[in-house]
Amino acid sequence: MQSLEVMRHSAAHVMAAAVCRLFSDVKLDIGPATEDGFYYDFDLPHRLAPEDFLKIEAEMARLVAANLPFERVESTREEAQKLLVGQRYKRERLADVPAGEVISFYRCGDFVDLCRGPHLPATGAIAAFKLTSVAGSYYRGDEKNPMLQRLYGMVAESRAALEAELARIEEAKKRDHRKLGRELELYSISDDVGPGLVHWHPKAARIRVVIENYWRREHYRAGYEMLFTPHIGRAHLWQTSGHLSFYKDGMFPPMEIAEVGEHGARPAEPYYLKPMNCPFHIQIYQSRRYSYRDLPLRWAELGTVYRFEKEGVRHGLLRVRGFTQDDAHIFCTPDQIESEVRRTVNFALGILRRFGFTEVTAFLATQPEKAVGDPARWEQATRSLESALQAENIPYEVDAGGGAFYGPKIDLKIKDALGRPWQLSTIQFDFNLPERFHLTYVGEDGKEHQPYMVHRALLGSLERFFGILIEHYGGAFPLWLAPEQVRVLPITQHQLDYARSVADQLRQADVRVTVDEDSEKIGAKIRRAQLEKVPYMLVVGGREAEAGAVAVRRREGGDQGVMPRDAFLERVRKENEA
RNA sequence: GCCCAUGUAGCUCAGUUGGCAGAGCACGUCCUUGGUAAGGACGAGGUCAGCGGUUCGAUCCCGCUCAUGGGCUCCA
């Protein structure tokens with residue numbers, strides 16, 4: 001165990017000790033180290049609240065100052081049970097310890113806890129700590145179990161290290177896409193429209209158009225065709241696809257419609273909002289007969305889907321109820337599958353790189369216990385996924401049994417500017433839908449065969465991807481994505497005409513530009529443009545107007561000097577393509 | 001769905017032991033024409049999330065609902 005992890009775990013014990021000293025009737029569960037701190041789960045009558053933190057921290061500080069040793073005590077199961085009288089969760093945890101394994105307790109002052117260890121030699125080594133939050137948490141993570149109180153904390157080897165850790169959290173908060181989304185007027189969610197339904201404001205829509213245009217162009221270049229499909233479909237379709245039997249709870253409720261025709265009302269078949277695009281793409285596949293000569297088919301769609309996400313799981317743009325997937329389905333023959341997967345992985349990497357995500361790791365999820373489809377196909381599919389990862393030299397972990405019931409998959413994870421991981425791309429085999437919809441193609445032998453079907457999304461959903469992008473760039477989008485690339489700032493109203501003509505020249509060259517026409521001083525205009533994170537500010541006063549020039553200021557880097565307006569246009573053009 | 005917290009102007013937040021609702025920023029009008037991060041004056045802006053209850057009187061107390069936040073569970 002790493003020393004930091006040991007310290008975190010030991011701090012959790014100290015926190016538990018403090019809580020036991022301060023409150024009565026405390027039942028303990030467990031208190032592990034986490035990636036950036038620790039927590040302990042308790043059950044106690046008192047409702048822990050942030051107001052209690054100071055008191056608990058003070059008690060912890062006393063335990064740390066006393067430099068109490070952590071003593072390991074080994075015991076028999078009988079002794080352990082005696083020690084844990086009244087501690088129902090601990091007793092259940094004890095029952096989980098396999099027979100024959102050593103049962104150990106750690107004593108720290110008068111606090112004794114069933115624990116495998118290891119721990120610090122003594123509490124004095126805990127240099128700096130802070131309680132951060134309290135939240136409910138199901139015992140053993142099962143929603144049928146009672147809800148415990150989970151107290152979170154952070155600990156570091158020095159006061160300075162803790163401060164640095166807290167500063168990182170502050171930085172992440174500053175980049176929170178919900179905060180920046182409001183401040184930069186990117187998006188909103190309206191109670192009147194509904195939770196989890198996103199409105200893209202003009203600036204965000206600009207960015208989305210840039211992303212979509214880039215996405216479409218790359219897909220056409222990579223041999224895809226674009227599709228557009230409806231947003232709703234009849235119940236029958238979703239019965240065939242299996243969604244109604246397996247994922248009904250995740251779908252918006254049906255629209256019951258009585259269709260009145262010339263022969264009167266027909267029995268109504270309800271419509272459902274689509275939670276996925278696949279059945280529609282399949283309908284297109286089924287609209288004619290395909291031969292092996294036609295394959296592979298690569299069909300892409302920016303398809304907007306609706307999923308009835310449960311109450312309490314929504315989160316800004318990252319988890320919403322209506323979103324647009326950058327979806328595609330590949331229909332191919334078995335012997336095309338390997339090269340198709342390789343192409344797809346490679347394609348995904350290229351797209352992600354364009355958005356500044358260069359650190360990519362992959363997860364290969366293999367056949368779970370419950371699965372549909374021929375084992376030989378699973379094997380071939382899994383092998384093709386694995387060899388694609390190896391050929392592209394992407395580090396990957398195998399998630400054994402982690403695939404969907406309908407096929408194995410690769411998930412690609414990136415790290416953002418703050419080093420936080422996000423899952424974006426997914427490449428999934430599907431042995432289920434071709435079966436359910438009886439998809440076929442005519443092979444060389446003149447007989448019907450079932451095609452392989454691969455679902456893939458590279459960005460995931462545009463909403464979620466945009467949220468991640470906002471945080472990755474901290475709202476300061478690179479030039480090619482920036483909704484407003486250049487703002488012209490006339491020093492006085494006398495340069496308004498000149499400023500407009502500079503802007504017009506840029507606009508005709510497809511540069512996204514505005515003019516700040518307010519009668520504010522130049523300092524105020526610069527401040528405003530800076531806060532709105534506009535990449536280029538062009539200051540134009542009498543001197544520039546006279547010379548046909550612009551004084552360039554960069555969002556990062558400040559004053560760049562004066563240059564002719566044509567030279568600036570050239571510079572922006574070049575940077576935009578880079 | 002579960003636990004806890006929160007909801008006051010477009011935003012950030014004060015405030016009322018229950019008695020006419022406040023600031024800064026943003027917005028509008030006017031003045032100002034100033035050279036690299038905030039010029040000035042005046043003005044407009046509110047069903048204090050919604051519904052119900054207690055009360056002479058509720059933004060404030062109580063209940064329910066909705067939404068948001070931190071987590072848990074879930075994410076085809």
Side-chain angles (χ1 to χ4, degrees), chain A residues 34 39 41 43 47-52 132-152 173 176 178-179 182-185 188-196 238 241-251 274-279 305 307-316 318-321 323 325 403-407 409 423 426 428 430 432-433 455 460-461 464 489-496 518-532 537-544 551-555 558-562:
Chain A
T34 63
Y39 67 80
D41 282 350
D43 188 1
R47 288 268 163 238
L48 293 169
E51 295 83 76
D52 298 317
T132 50
S133 64
V134 59
S137 164
Y138 295 114
Y139 173 54
R140 290 180 187 269
D142 187 332
E143 59 186 328
K144 289 191 280 295
N145 284 339
M147 181 73 67
L148 306 179
Q149 301 190 62
R150 178 171 293 179
L151 198 48
Y152 286 89
K173 265 192 203 153
D176 190 310
R178 293 165 300 186
K179 177 175 147 70
R182 193 172 45 242
E183 287 174 359
L184 300 176
E185 297 179 67
S188 63
I189 292 172
S190 150
D191 277 3
D192 289 334
V193 174
W238 306 110
S241 70
H243 288 97
L244 276 183
S245 29
F246 295 116
Y247 305 112
K248 193 171 185 188
D249 289 348
M251 293 170 71
K274 66 173 170 183
M276 293 189 106
N277 303 299
C278 340
V305 298
R307 296 182 184 179
F308 197 73
E309 298 289 1
K310 282 198 291 181
E311 208 64 46
V313 304
R314 289 185 301 271
H315 182 91
L318 301 183
R319 190 84 181 266
V320 292
R321 279 186 171 166
F323 55 97
Q325 295 180 307
F405 74 91
Y406 51 77
K409 63 171 180 174
Q423 194 220 299
T426 185
Q428 309 186 346
D430 191 331
N432 187 42
L433 291 178
H455 312 257
S461 95
R464 189 176 118 91
L489 312 176
I491 290 190
T492 77
Q493 303 285 325
H494 298 113
Q495 290 87 42
L496 253 184
D518 263 21
S519 70
E520 281 293 349
K521 297 212 287 193
I522 192 66
K525 292 184 183 182
I526 285 172
R527 177 183 150 81
R528 212 150 50 191
Q530 196 73 38
L531 289 174
E532 291 173 36
M537 288 150 257
L538 300 183
V539 176
V540 294
R543 298 199 292 271
E544 287 77 15
V552 180
R553 186 188 158 95
R554 180 84 225 203
R555 176 180 61 197
D559 198 344
Q560 310 273 296
V562 177

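So that the names make sense, note that chain A is the first sequence line, chain B the second, and so on, each numbered from 1. Below, all heavy atoms of this structure are taken into account, side chains as well, without hydrogens, waters or symmetry copies.
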How close or far is atom [atom2] of [N] from atom [atom1] of [X], stated in whole angstroms?
X: A:Asp41; N: B:rC4; atom1: CG; atom2: P; answer: 15 Å
X: A:Leu496; N: B:rG34; atom1: CG; atom2: P; answer: 14 Å
X: A:Lys521; N: B:rG34; atom1: NZ; atom2: P; answer: 10 Å
X: A:Glu185; N: B:rA26; atom1: CD; atom2: C1'; answer: 10 Å
X: A:Arg528; N: B:rU36; atom1: CZ; atom2: P; answer: 17 Å
X: A:Leu148; N: B:rC4; atom1: CG; atom2: P; answer: 13 Å
X: A:Tyr39; N: B:rC3; atom1: OH; atom2: P; answer: 20 Å
X: A:Asp518; N: B:rG40; atom1: CG; atom2: P; answer: 15 Å

Taking atom [atom1] in both [N] and [M], compute the distance separating them and give it to the nearest angstrom.
N: B:rG52; M: B:rU16; atom1: P; result: 27 Å
N: B:rA67; M: B:rC51; atom1: C1'; result: 15 Å
N: B:rG45; M: B:rA21; atom1: P; result: 14 Å
N: B:rC11; M: B:rG7; atom1: C1'; result: 15 Å
N: B:rC64; M: B:rC3; atom1: P; result: 12 Å
N: B:rC27; M: B:rG10; atom1: P; result: 15 Å
N: B:rC61; M: B:rC48; atom1: P; result: 15 Å
N: B:rC60; M: B:rG19; atom1: P; result: 11 Å

Residue pair [X] / [Y]: nearest heavy atoms and the distance that separates them:
X: A:Met147; Y: A:Tyr138; answer: CE-CE2, 3.4 Å
X: A:Val562; Y: A:Glu544; answer: CG2-OE2, 3.9 Å
X: A:Leu433; Y: A:Cys278; answer: CD1-CB, 3.8 Å
X: A:Pro490; Y: A:Leu496; answer: CG-CD2, 4.2 Å
X: A:Met276; Y: A:His243; answer: SD-NE2, 3.1 Å

How does each nucleotide of nucleotides 69-76 of chain B score, in 5' to 3' order, for protein heavy atoms under 4.0 Å: base (B), sugar-phosphate only (S), or none (-)?
SBBBBBBB
Nucleotide opposite [N] in a Watson-Crick or G-U pair, distances under 3.5 Å:
N: B:rA5; value: B:rU68
N: B:rC27; value: B:rG43
N: B:rU17; value: none
N: B:rC74; value: none
N: B:rG35; value: none
N: B:rG63; value: B:rC51

Go through the structure and list residues passing side chain to side chain donor-acceptor pair (under 3.5 Å) with [X], not counting sequence neighbours.
X: A:Tyr152; result: none
X: A:Lys179; result: A:Glu183
X: A:Thr426; result: A:Asp411, A:Gln428
X: A:Asp176; result: A:Arg178

Just call it for [X]: base, sugar-phosphate, or nothing, with non-hydrogen atoms closer than 4.0 Å on any strand.
X: A:Leu531; value: base
X: A:Glu532; value: nothing
X: A:Ile522; value: sugar-phosphate
X: A:Gly242; value: nothing

Contacts of type salt bridge (Lys or Arg N to Asp or Glu O under 4.0 Å), residue [X], not counting sequence neighbours:
X: A:Arg554; value: A:Glu556, A:Glu575
X: A:Arg307; value: none
X: A:Asp559; value: none

Which residue, A:Ala49 or A:Gly523, contacts RNA chain B at a nucleotide closer to its 5' end, judged by nearest heavy atom?
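The residue mapped nearer the 5' terminus is A:Ala49.
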Options B:rA37, B:rG35, B:rC3, nucleotide nearest the side-chain atoms of A:Ala551
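Selected nucleotide: B:rG35.
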Pair of N/O donor and acceptor under 3.5 Å linking B:rU32 base with A:Ser519 side chain:
yes
Restricting both atoms to N or O, compile the protein contacts to nucleotides 6-14 of chain B shorter than 3.5 Å, with distance only.
| residue | atom | partner | partner atom | Å |
| --- | --- | --- | --- | --- |
| B:rC11 | O3' | A:Arg182 | NE | 3.3 |
| B:rU12 | OP1 | A:Arg182 | NE | 3.4 |
| B:rU12 | OP1 | A:Arg182 | NH2 | 2.9 |

